[in-house]
Amino acid sequence: MRIGLDQAFSTHEQALNLRGERHELLASNIANADTPNYKARDMDFRTAMREATQPPQQPLQATNPQHLQPASHVSAGDPKSLYRQPHGASLDGNTVEMHVEQAKFAENAVNYQATLEFLNGRISKLSGALRRE
């Protein structure tokens with residue numbers, strides 16, 4: 001059985017990249033907890049991961065110049081940067097809630113570590129197979 005390294009590691013690589021991006025968003029929220037009118041942002045990780053792992057769409061072949069082409073990229077918004085709805089409104093317009101941000105930050109850190117563990121397990125299995133263990 002033949003397997004490419006891209007197939008073996010690409011999902012974990014994309015997950016780590018997205019977890020890193022989310023970590024930056026959450027860290028930015030925490031850093032701006034006292035900034036007036038700052039709007040907390042987060043990402044929908046599942047949607048971003050689904051979009052990252054989808055194969056690229058093939059363009060439709062037009063046999064007549066009057067054939068319509070679909071929009072090149074139709075999306076309902078960028079899943080990588082969504083504004084979070086706060087539980088309670090702040091007087092200065094800031095939507096950062098520290099307890100929520102800290103919980104999300106810790107959750108993302110645990111998930112990042114879990115992804116690293118999965119990747120490490122995959123690498124160990126492949127290296128064991130190469131050594132015929």
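Just so it is clear, the model here is predicted, and its values are computed rather than measured.
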Starting at [atom1] of [X], measure out to [atom2] of [Y] and round the result to the nearest 0.5 Å.
X: L18; Y: N111; atom1: CG; atom2: CG; answer: 12.5 Å
X: T95; Y: Q85; atom1: OG1; atom2: CD; answer: 8.5 Å
X: E101; Y: N108; atom1: CD; atom2: CG; answer: 11.5 Å
X: N120; Y: I123; atom1: CG; atom2: CD1; answer: 6.0 Å
X: T53; Y: Q14; atom1: OG1; atom2: CD; answer: 6.5 Å

Please identify each residue that fulfils salt bridge (Lys or Arg N to Asp or Glu O under 4.0 Å) with [X], with sequence neighbours left out.
X: R46; result: none
X: E97; result: none
X: R19; result: none

Query raised in the report: Can you check whether S28's main-chain N or O pairs, donor with acceptor, with N32's side chain at less than 3.5 Å?
Result: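 Flag set: sc N32 to bb S28 pair under 3.5 Å.
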
Query raised in the report: Side chain of T115, backbone of L16: donor and acceptor closer than 3.5 Å?
Result: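 Looks like no, no N/O pair under 3.5 Å.
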
The criterion is side-chain contact (heavy atoms from CB on, under 4.5 Å); which residues satisfy it with [X], sequence neighbours excluded?
X: R132; value: none
X: E13; value: N17
X: S90; value: D92, N94
X: N37; value: none

Query - Which residues share a side-chain hydrogen bond (donor to acceptor under 3.5 Å, both in side chains) with S127, sequence neighbours left out - result: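 side-chain hydrogen bond (donor to acceptor under 3.5 Å, both in side chains) check on S127 returns R131.
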
Report task. List, by chain and then residue number, the residues other than Y83 in its hydrophobic cluster (Ile/Leu/Val/Met/Phe/Trp/Tyr, side-chain heavy atoms under 4.5 Å); write none if there are no others. Result ->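 Hydrophobic cluster check, Y83: no partners found.
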
Report task. Check which hydrophobic residues are tied to Y38 through side-chain heavy-atom contacts below 4.5 Å, counting indirect links as well, and list them. Result ->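 In the cluster with Y38 are L26, I30, V96, M98, F105.
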
Query raised in the report: Taking atom NE2 of H99 as the centre, does the number of heavy atoms from other residues, nucleotides or ligands within less than 6.0 Å exceed 12?
Result: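 More than 12 heavy atoms, drawn from other residues, nucleotides or ligands, come within 6.0 Å of this atom.
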
Report task. Please list all pairs passing the ring-ring contact (aromatic ring centres under 6.0 Å, His included) test where one or both residues lie in residues 112-133, with sequence neighbours left out. Result ->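 Qualifying pairs: none.
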
Query raised in the report: Is there a side-chain contact between Q113 and V110, using heavy atoms and a 4.5 Å cut-off?
Result: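 Q113 vs V110: side chains apart.
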
Requested in this report: Would you name the heavy atoms of N29 and A40 that are closest together and state the gap between them?
Outcome: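 Taking N29 first and A40 second, the nearest heavy atoms are OD1-CA, 3.5 Å.
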
Requested in this report: Walk me through it: do R84 and K39 pass the test side chain to side chain contact (heavy atoms under 4.5 Å, CB included)?
Outcome: CA-CA 8 Å; R84 182 175 295 141; K39 306 300 179 204; over 6 Å; no

Query raised in the report: Can you list every salt bridge (Lys or Arg N to Asp or Glu O under 4.0 Å) pair that touches residues 110-120, not counting sequence neighbours?
Result: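 Every pair satisfying salt bridge (Lys or Arg N to Asp or Glu O under 4.0 Å) with a residue in residues 110-120: there are none.
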
Report task. Considering only NZ, NE, NH1 and NH2 on the basic side and carboxylate oxygens on the acidic side, decide whether K104 and D42 come within less than 4.0 Å. Result ->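 Between D42 and K104 there is no salt bridge, as every charged N stays at least 4.0 Å from the carboxylate O atoms.
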
